[in-house]
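Shown next, in structure tokens, is the structure this report addresses.
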2 protein chains.
Amino acid sequence: MVSLTEDTTPGGIAPLARRSTAEIVAERLREAIMHGGLAPGSQLGEIDLANRLGVSRGPLREAMQRLVQEGLLRSEPHRGLFVSTLDEEEIRDVYTARLAVEGAACQLIMRGDRALAVAELTSAHQRMVAAAAADDRVAFSDADQLFHQRLVAVSGSQRLERMAQTLLVETRMCLTALQETYRPSGDTVEEHRLLVDAIEQGDEQLLLERLEAHMTEAVERLTSAS
Amino acid sequence: MVSLTEDTTPGGIAPLARRSTAEIVAERLREAIMHGGLAPGSQLGEIDLANRLGVSRGPLREAMQRLVQEGLLRSEPHRGLFVSTLDEEEIRDVYTARLAVEGAACQLIMRGDRALAVAELTSAHQRMVAAAAADDRVAFSDADQLFHQRLVAVSGSQRLERMAQTLLVETRMCLTALQETYRPSGDTVEEHRLLVDAIEQGDEQLLLERLEAHMTEAVERLTSAS
DNA sequence: AAGTGTAGGATTGTCGACAATTCCCGTGGT
DNA sequence: ACCACGGGAATTGTCGACAATCCTACACTT
């Protein structure tokens, strides 16, 4: 039985608030869905998964209910749980919601700590540049996800951050499924840089326009590939 | 043991998709939190709740994990689950998120079926008027909630609708907690009517302005009372 | 041959009991 | 009077087993 509660902060004293098993398992499942370990549409056998994770069916089922609430899993009573599939319309919906959430985050950033935002996002952007240079698809997607995670995180809104997390997992799920056709592109890198620039300049209108353009471009790239 | 799976469509043939127990229990818990049956900050005893709902601890725990994921419950490992409390900052956060979600829904409505939206929202608005006339606080809150539920529902975005659901429950939780000071007001009724009017006119800019004003007013009413 | 009915197998849904951890409170010491 | 220190109770977390349900495949009827 593998230990699920590994302490991530060796020197830290404060993080005494260990997380519940269901939360940890849910995170593992999210990662698996994101990286394609659990393909869209596939059924999740409880006994198999429980054994693989080293936990019993109880905590596993609790974790799965979390993902059902998030929309990542679909529940068919007495049939089982399946990884959600995203058709073209759903992809558009994801990006519509992302635009709403991240747009609101941008507005908060403009009224808040812009310097912090620029610092955080520039750091994430540099990772994108490096990943693109190395032509590392996984690292590129990681950096892309990190960029948008930080965008909503520095907004300071817990709810926008939580909503964005789910949406980013869904986004990542698409990218992984279409891994063949999706490659690091200079355009994508540039789009993110333009966002940071707009924040630095303090031009809210410009920022929102560029964010919308960024989302539109992303949908275009994904739907044209499928 | 009481039957939880009551068929709502006697004559219908298609709706065979019965919902899972966890989903039903989660909905019951949401209602209880909304209406004050479970006060903010109070702990949820598992055995007691399970007995009261007529289910075992297993399904109940699964349902509770859903609410934890939604943010309605807070989990403290080995301590228990508590109903989330909302301080003033959190209330502002809720309305920030609501503005983002409902604003996006409004934009979709403007590009979609405006007539349907007007019909649905007018109907909900009439309930508000009636509740205000009868000075029925609960019915008034019900109508208010229904109005905003329909607003996101007619947008056609599943994700915006799901996000809004959680936010509306949190909103309702505040209203219930502050039930003493919150009363049906003509201003609130009028604000909703202005929203419907803006949709009917097809003026997106005006609609968004009025929506933002509506949210701001609501925050004002709630925070000044506490 | 096509469709229907039925038995088998497998999976999910549910339940009760056991183990682990935490908090409360009484006791003793300083 | 205050603080440190266990003992005990209550609650959560976990687990394995039982019951209900559904899919598959095969035999039977028309």
Side-chain angles (χ1 to χ4, degrees), chain A residues 1-7 13-29 32-33 38-39 41-69 72-84, chain B residues 1-7 13-29 32-33 38-39 41-69 72-84:
Chain A
M1 188 171 295
V2 69
S3 124
L4 283 171
T5 64
E6 15 192 348
D7 203 10
I13 306 176
L16 265 302
R18 289 202 316 255
R19 302 173 324 179
S20 77
T21 307
E23 186 173 347
I24 299 170
V25 173
E27 194 170 319
R28 292 267 176 114
L29 290 177
I33 292 175
L38 296 170
S42 63
Q43 183 172 6
L44 277 65
E46 294 186 353
I47 339 88
D48 180 42
L49 257 185
N51 291 341
R52 202 180 305 181
L53 288 166
V55 296
S56 184
R57 283 178 56 208
L60 174 62
R61 284 177 62 88
E62 293 174 16
M64 293 195 300
Q65 288 299 321
R66 283 198 180 206
L67 300 193
V68 170
Q69 180 62 37
L72 265 43
L73 261 44
R74 227 178 53 254
S75 168
E76 295 186 17
H78 293 289
R79 291 266 310 162
L81 290 149
F82 302 82
V83 181
S84 296
Chain B
M1 189 168 297
V2 69
S3 122
L4 285 169
T5 63
E6 11 192 352
D7 201 11
I13 306 174
L16 264 303
R18 286 195 323 246
R19 301 176 322 177
S20 78
T21 308
E23 186 172 346
I24 299 169
V25 172
E27 192 169 321
R28 292 267 175 111
L29 290 177
I33 291 175
L38 297 170
S42 64
Q43 183 173 6
L44 277 66
E46 294 185 354
I47 8 60
D48 180 43
L49 259 184
N51 291 341
R52 201 179 305 181
L53 289 167
V55 296
S56 183
R57 282 179 57 205
L60 173 62
R61 284 175 63 87
E62 293 174 15
M64 292 196 299
Q65 288 299 322
R66 284 197 179 209
L67 300 193
V68 170
Q69 180 62 35
L72 265 44
L73 298 179
R74 291 187 58 83
S75 167
E76 296 186 17
H78 291 98
R79 292 264 311 162
L81 290 150
F82 303 83
V83 181
S84 296

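Predicted model only: the values in this text are computed from it and were never measured. Just the heavy atoms: all of them, side chains too, but no hydrogens, waters or symmetry mates, feed the values below. Below, chains carry the letters A, B, ... as their sequence lines are ordered, and counting in each starts from 1.
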Identify the pairs formed between an N or O of the protein and an N or O of nucleotides 11-13 of chain D at a distance under 3.5 Å, and give each distance.
{"residue": "D/dT12", "atom": "OP1", "partner": "B/Leu44", "partner atom": "O", "Å": "3.2"}
{"residue": "D/dG13", "atom": "OP1", "partner": "B/His78", "partner atom": "N", "Å": "3.4"}
{"residue": "D/dG13", "atom": "OP2", "partner": "B/Arg61", "partner atom": "NH1", "Å": "2.9"}
{"residue": "D/dG13", "atom": "OP2", "partner": "B/Arg61", "partner atom": "NH2", "Å": "3.3"}
{"residue": "D/dG13", "atom": "N7", "partner": "B/Arg57", "partner atom": "NH2", "Å": "2.9"}
{"residue": "D/dG13", "atom": "O6", "partner": "B/Arg57", "partner atom": "NH1", "Å": "3.2"}

[X]: partners by side-chain contact (heavy atoms from CB on, under 4.5 Å), with sequence neighbours left out:
{"X": "A/Arg57", "answer": "A/Glu46, A/Ala50, A/Arg61"}
{"X": "A/Ile33", "answer": "A/Leu38, A/Leu67, A/Leu72, A/Leu73, A/Val83, A/Met173"}
{"X": "B/Gln43", "answer": "B/Phe82"}

Problem set entry | Euclidean distance, atom CD of residue A/Glu62 to atom C1' of C/dT14 [Å, nearest integer] |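 In whole Å, C/dT14 C1' and A/Glu62 CD are 14 Å from each other.
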For this session: Could you tell me which residues satisfy salt bridge (charged side-chain N to carboxylate O under 4.0 Å, His left out) with A/Glu27, sequence neighbours excluded, listed by chain and number?
Result: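 Per chain and number, A/Glu27 pairs via salt bridge (charged side-chain N to carboxylate O under 4.0 Å, His left out) with A/Arg19.
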Problem set entry | B/Arg74: partners by salt bridge (charged side-chain N to carboxylate O under 4.0 Å, His left out), with sequence neighbours left out |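 None.
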